[in-house]
Amino acid sequence: MMRDWISKIKGWWNKMFDYNKIISDFGLDMQTSKHMLEAIQEWSKIFNKQEPWIDRNTTSLHVAKTICEKVAEAVVVEYKSICSDEYINGRYQKFLENIQTNTEYMIGKSCIFFRPYYDGLKIVINVIQADKFIPVRFNGDGELLSCIIIDQITEEANVYTRLEHNELKDGKMFIRNIAYKGRKDGVIFESRISLANVDKWKEIQENSCVEGVDRLIGGFASMKTANTIDNSCPIGMPIYHNAIDTCKEIDKQFSRTLWEFEGTELAIDIDESILDKDKKGNIIYPKGKQRLFRKLLFDETKEKSYNVFSPAIRETSLFNGLNEYLMQAEKQCHLEHGTLCKTDVVEKTATESKQRKQSYYITVSNIQKSLQHAFDDLVYGIYVLCKLYGIPVSPNYTVEHEWDDSILVDKDTARNQSLIERNNGVTSDVQYIMETRNMKEQDAIEFIKKQKEYRKLTEEEQEETSPDEE
């Protein structure tokens, strides 16, 4: 079914970004297939709440977007990272302010690219989402070696597109820019133009090179799920991909439930002679919902009366069916039970609950690993640009990452266990503080020392203020 949806946007993709023209103009050996790029555009639509199965009779719960929100929150909760160089860390921390949103984009659209650049005053970081980014070539380890970044400007009916090709080769990163002019309602790559024709791009060189690098300038993160669109492509699928068909059924079931409530609204069948009419002879309904009264022509030989239309609502069975679909989506996406569905419907055994929690932990952990690798590459890119533009930074910088693992281990349970071990002399006060307050060893030692000093000072003050014993 996914391929059926993809086929619906092929014409749109060909109109927006001519795959063959890109290959021809840049002279590329494209490793990412056209089918894969079309799939990324389709995933982007689903993520942006433009599901292809939505029509006038179907209302969406946008479960795919909800899954991305829930998982992104679990991935980055209490995440901390710091770079030892002050300037780099300042730029890095500014970028991390939007880490949850960017994580959503990555897991909802399959991949993302964090690209630092110099704006003339400082290093800033541009987040390139999957639908504005074309991976071109990877090495055997799945590391990105070549890509195209898409930049577009729309002015009335005209569309200006800049394609920036970055390629790593022999310790150098080669950059080439090509610009096009087109129309929103026509061909996007209608004609090649000079970068100088667009004010925003007039300072950009068509060709440039950065020497002495061992990776692209920027961090690339991708989902690690197997790619069923293109088995040879190292880019993974969005987290909800296995549940796309289920998401469609969820929306159909939800729409049935809405119709059940609408279809069983109270109505009264009443003879039209009972209702007043205006000067033109039109029936005047009472104020409020007009549905409450529905006029009928009763048999003249019978007493004129009314019937109440108030059928029973079957919401329980409909909601139970919806919940079953939500549970199925959880399983397909390796989510923890209760992420989407109501947990009081099905009792889970301890073994089943542990397996689901373990599966969810693996999913979240894989995303964290991909992001951490991208963040390390991003910091490296910031460092390279600082050296290139004369911003003083340390070549011996380090980057530290701290991820939360509360998905697998309940925090209250872990804290209680740490307290028991401390009280029984199994661990020390320092170890207890490190585990429960997420401190480094030296910080924990200083914390305990200050607490002891404060406690001693407080006890002395109490002794001085207490009355003398008789």
Side-chain angles (χ1 to χ4, degrees), residues 1-9 39-75 100-101 103-105 107-110 131 223 225 228 237-267 289-292 309-348 352-353 356 359-360 363:
M1 185 173 290
M2 181 65 186
R3 290 192 181 276
D4 293 337
W5 296 338
I6 292 174
S7 64
K8 294 179 180 179
I9 64 165
I40 289 174
Q41 297 301 317
E42 185 61 26
W43 295 329
S44 298
K45 284 190 172 185
I46 293 174
F47 176 84
N48 290 324
K49 300 182 179 182
Q50 300 172 17
E51 296 89 341
W53 56 83
I54 300 304
D55 54 33
R56 61 193 301 268
N57 297 318
T58 307
T59 302
S60 181
L61 278 175
H62 306 301
V63 172
K65 180 64 167 61
T66 299
I67 291 172
C68 295
E69 292 172 357
K70 296 284 188 181
V71 176
E73 182 179 357
V75 168
Q100 183 169 329
T101 300
T103 300
E104 270 192 58
Y105 290 140
I107 63 181
K109 297 185 179 184
S110 76
D131 49 344
M223 294 294 290
T225 51
T228 58
M237 317 285 272
I239 192 167
Y240 55 79
H241 181 264
N242 288 339
I244 285 181
D245 289 346
T246 304
C247 288
K248 179 180 179 181
E249 295 303 319
I250 287 172
D251 288 343
K252 288 169 62 177
Q253 182 70 6
F254 179 60
S255 299
R256 293 188 190 104
T257 306
L258 294 180
W259 170 244
E260 179 72 10
F261 280 100
E262 183 178 350
T264 54
E265 286 181 351
L266 176 66
K289 283 205 170 185
Q290 293 187 359
R291 173 185 165 80
L292 186 61
F309 175 79
S310 182
I313 300 177
R314 305 167 298 164
E315 81 279 7
T316 301
S317 59
L318 287 170
F319 277 123
N320 286 343
L322 178 62
N323 204 56
E324 286 291 331
Y325 282 126
L326 292 172
M327 285 191 288
Q328 182 64 25
E330 287 178 343
K331 292 178 182 178
Q332 291 170 326
C333 299
H334 306 287
L335 304 181
E336 187 175 3
H337 181 60
T339 304
L340 299 174
C341 72
K342 291 178 63 177
T343 57
D344 58 348
V345 176
V346 177
E347 289 292 335
K348 305 292 291 182
E352 289 175 325
S353 179
R356 290 285 290 273
S359 179
Y360 188 35
T363 298

Partners of Ser60 by side-chain contact (heavy atoms from CB on, under 4.5 Å), sequence neighbours excluded? Glu51, Ile54, His62, Asp251
Quick check: does any side chain N or O of Thr103 sit under 3.5 Å from a backbone N or O of Ala72, one acting as donor and the other as acceptor? no
Using the test side chain to side chain donor-acceptor pair (under 3.5 Å), find all partners of His334 that sit at least two apart in sequence or belong to another chain. Ser359
After noting the C-alpha distance and the side-chain angles of Leu61 and Leu322, does the key distance pass the side chain to side chain contact (heavy atoms under 4.5 Å, CB included) rule? CA-CA 11 Å; Leu61 278 175; Leu322 178 62; 4.2 Å; yes
Drop me the distance from Leu326's CG to Cys247's SG, to the nearest 0.5 angstrom. 9.0 Å
Salt bridge (Lys or Arg N to Asp or Glu O under 4.0 Å) pairs, two or more places apart, involving residues 53-67: Lys65-Glu69, Lys65-Glu104
By side-chain contact (heavy atoms from CB on, under 4.5 Å) - contacts of Thr66 (at least two apart): Lys70, Leu340
In this structure, which one of Lys45, Gln41, Glu42 forms a side chain to side chain contact (heavy atoms under 4.5 Å, CB included) with Asp131? Gln41
Testing the basics here: between Lys109 and Ser44, what is the closest heavy-atom pair and its distance to 0.1 Å? CD-OG, 3.5 Å
By side chain to side chain donor-acceptor pair (under 3.5 Å) - contacts of Gln332 (at least two apart): Thr246
When you look at Arg356 and Glu330, which way does the side chain to side chain contact (heavy atoms under 4.5 Å, CB included) test go after all the steps? CA-CA 9 Å; Arg356 290 285 290 273; Glu330 287 178 343; 3.3 Å; yes
Please name all residues satisfying side-chain contact (heavy atoms from CB on, under 4.5 Å) with Glu249, sequence neighbours left out, ordered by chain then number. Lys252, Tyr325
Return the minimal non-hydrogen interatomic distance between Gly108 and Cys68, and the atom names on each side. CA-SG, 3.4 Å
Cys333 versus Ile67, closest heavy-atom pair with distance: SG-CD1, 3.8 Å
Residues two or more places apart in sequence or in another chain: which of them pass side-chain contact (heavy atoms from CB on, under 4.5 Å) with Glu73? Gln100
Can you tell me how far CH2 of Trp53 sits from CD1 of Ile244, rounded to the nearest 0.5 angstrom? 6.5 Å
Nearest-0.5 Å distance, CD1 of residue Ile250 to CG of residue Asn323: 9.5 Å
Partners meeting ring pair (Phe, Tyr, Trp, His ring centres under 6.0 Å) with Tyr240 (sequence neighbours left out): none
Report yes if some heavy atom in the side chain of Gln253 is under 4.5 Å from a heavy atom in the side chain of Glu324; otherwise report no. no
